[in-house]
Amino acid sequence: MNTEIIIVSGLPRSGTSVMMQMLDSGGVEVVTDCIRAADTDNPRGYYEFEKVKKIKADASWLPQTRGKAFKMVSQLLYDLPPSETYRIIFMERDLDETLLSQEKMLKRLGKKVAPHQEMKGLYTAHLERLSKWLSQQLNMVILRVCYNDLLEQPEEQAKLVSMFLHGKPNALAMVKAVDTSLYRNRKANSRPKEPLAGSLLGDGHGAASPQQQEAAISQYVLDFVI
């Protein structure tokens, strides 16, 4: 287990920070630089590590994280070096809820918000491509955790995560880190009525290639991780 690297991944606002909090409380050593301070959107902290964002250019630090956990947005999983082995906890959340949370966060930050339905389609295609790719990686083991189930059944989900990590985190301690009051962007909530920005891919773009879609998503996600 100490030779494997634990990664918590998913789309922005899919519950990755909550899972990092749970691992931290459960006794897993987490890798974070605390540069990004807690705020209204994540009052208990983001648990980010700046070097993760530039892993494609420099992965020299990666061996030092063996046996530890760090957070990585799903678009960056493709850049993980094949020389290491990974146990990936992949957070999944209802896409409408995820997008609602993203839209609120971007508006608060005064940043561009892409059309809801367009982003839903792009994220759906991205997750399908990524899922296929992950299934082909022999050095990666995946546990998918539904954020919605996590908040409704924290004890059960904590046990599954603990088992996935060979009992390393204490499941009971993990549950104590779950704060259901922070589940604020539920699907039943109405989305903001303000008009959103134009198409992420540009008007009249036609059928975008998978590469163009991934590039557009990556650029958009930068607003959440910078």
Side-chain angles (χ1 to χ4, degrees), residues 7-22 40-42 46-48 71-78 88-109 111-135 142-154 156-157 160-161 178-202 205 207-226:
I7 297 177
V8 175
S9 188
L11 295 174
R13 314 301 297 164
S14 63
T16 53
S17 297
V18 172
M19 181 53 65
M20 287 293 288
Q21 293 163 16
M22 291 177 68
T40 301
D41 297 299
N42 258 352
Y46 285 88
Y47 282 82
E48 292 184 355
K71 188 170 82 167
M72 170 179 274
V73 70
S74 60
Q75 286 78 9
L76 295 179
L77 291 175
Y78 293 112
I88 301 174
I89 301 171
F90 197 91
M91 299 302 298
E92 299 179 322
R93 185 180 183 181
D94 178 273
L95 271 179
D96 286 309
E97 286 189 2
T98 301
L99 284 163
L100 173 61
S101 182
Q102 290 183 2
E103 290 163 7
K104 287 186 174 181
M105 179 178 182
L106 289 175
K107 282 181 176 293
R108 186 183 66 80
L109 296 173
K111 295 186 176 182
K112 173 184 175 182
V113 179
H116 186 96
Q117 289 305 316
E118 180 182 8
M119 285 309 305
K120 187 174 182 178
L122 288 173
Y123 278 150
T124 298
H126 160 70
L127 291 173
E128 290 176 353
R129 285 190 294 268
L130 181 62
S131 180
K132 181 178 180 180
W133 180 82
L134 286 171
S135 69
I142 316 297
L143 174 68
R144 298 180 183 276
V145 177
C146 175
Y147 174 77
N148 310 77
D149 291 343
L150 178 63
L151 295 186
E152 292 174 2
Q153 304 169 327
E156 180 179 336
Q157 298 303 311
L160 290 174
V161 172
V178 178
D179 184 356
T180 56
S181 69
L182 297 178
Y183 187 14
R184 297 167 293 190
N185 297 297
R186 300 173 186 266
K187 190 173 182 178
N189 292 354
S190 59
R191 289 190 280 113
K193 297 181 180 180
E194 296 89 349
L196 302 183
S199 171
L200 192 66
L201 294 171
H205 53 75
S209 69
Q211 292 80 8
Q212 289 173 317
Q213 292 179 12
E214 289 293 336
I217 293 173
S218 295
Q219 186 60 43
Y220 190 64
V221 166
L222 286 176
D223 284 334
F224 298 98
V225 298
I226 290 180

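Computed from a predicted structure; not experimentally measured.
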#### Entry: Audit row: Met91, Val18, side-chain contact (heavy atoms from CB on, under 4.5 Å) steps and yes/no
CA-CA 10 Å; Met91 299 302 298; Val18 172; 6.0 Å; no
### Message
Set out, in order, the CA-CA distance, both residues' side-chain angles and the distance that settles side-chain contact (heavy atoms from CB on, under 4.5 Å) for Glu156 and Asp149, then state yes or no.
### Response
CA-CA 9 Å; Glu156 180 179 336; Asp149 291 343; over 6 Å; no
### Task
Could you check Phe90 against Leu130 for side-chain contact (heavy atoms from CB on, under 4.5 Å), going step by step and ending with a plain yes or no?
CA-CA 11 Å; Phe90 197 91; Leu130 181 62; 3.7 Å; yes
### Message
Using the rule given for side-chain contact (heavy atoms from CB on, under 4.5 Å), can you reason through Met22 versus Val161, listing the C-alpha separation, both sets of side-chain angles and the distance that settles it, and then say yes or no?
### Response
CA-CA 10 Å; Met22 291 177 68; Val161 172; 5.9 Å; no
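Contact record, Trp133 with Leu77: CH2-O, 3.5 Å, taken as the closest heavy-atom pair. Minimum heavy-atom separation, Met105 to Arg13: SD-CD, 3.6 Å.
Remark: side-chain polar atoms of Arg144 are not paired, donor with acceptor, to backbone N or O of Glu92 under 3.5 angstrom. Formation of a donor-acceptor pair under 3.5 Å by the Gln157 side chain with backbone atoms of Val145 is not found in this model. Ser135 contributes a side-chain N or O that, together with a main-chain N or O of Lys132, makes up a donor-acceptor pair within less than 3.5 Å. One N or O on the side chain of Thr124 and one on the backbone of Lys120 form a donor-acceptor pair closer than 3.5 Å.
Separating the OG1 atom in Thr98 from the CG atom in Leu11 is a distance of 6.0 Å, to the nearest 0.5 Å. Note: Thr16 OG1 to Gln21 CD = 9.5 Å, rounded to the nearest 0.5 Å. The distance from the OG atom of Ser14 to the CG atom of Asn148 is 10.5 Å, given to the nearest 0.5 Å. Here Cys146 contributes atom SG and Glu152 contributes atom CD; the two are 7.5 Å apart, rounded to the nearest 0.5 Å. With rounding to the nearest 0.5 angstrom, the CD1 atom of Ile88 is 8.5 Å from the CE atom of Met72. Distance CG/Leu100 to CZ/Arg93: 8.0 Å, rounded to 0.5 Å.
Considering Lys112, Lys111, Lys107 as possible partners of Leu109, the one that fulfils the side chain to side chain contact (heavy atoms under 4.5 Å, CB included) test is Lys111.
In this structure, the side chains of Arg129 and Gln213 come closer than 4.5 Å at one or more pairs of heavy atoms. Here the side chains of Val113 and Met119 are not in contact, with every heavy-atom distance at 4.5 Å or above. Between His116 and Asp96 there is a side-chain heavy-atom pair separated by less than 4.5 Å. Using a 4.5 Å heavy-atom cutoff, the side chains of Val8 and Tyr47 are not in contact.
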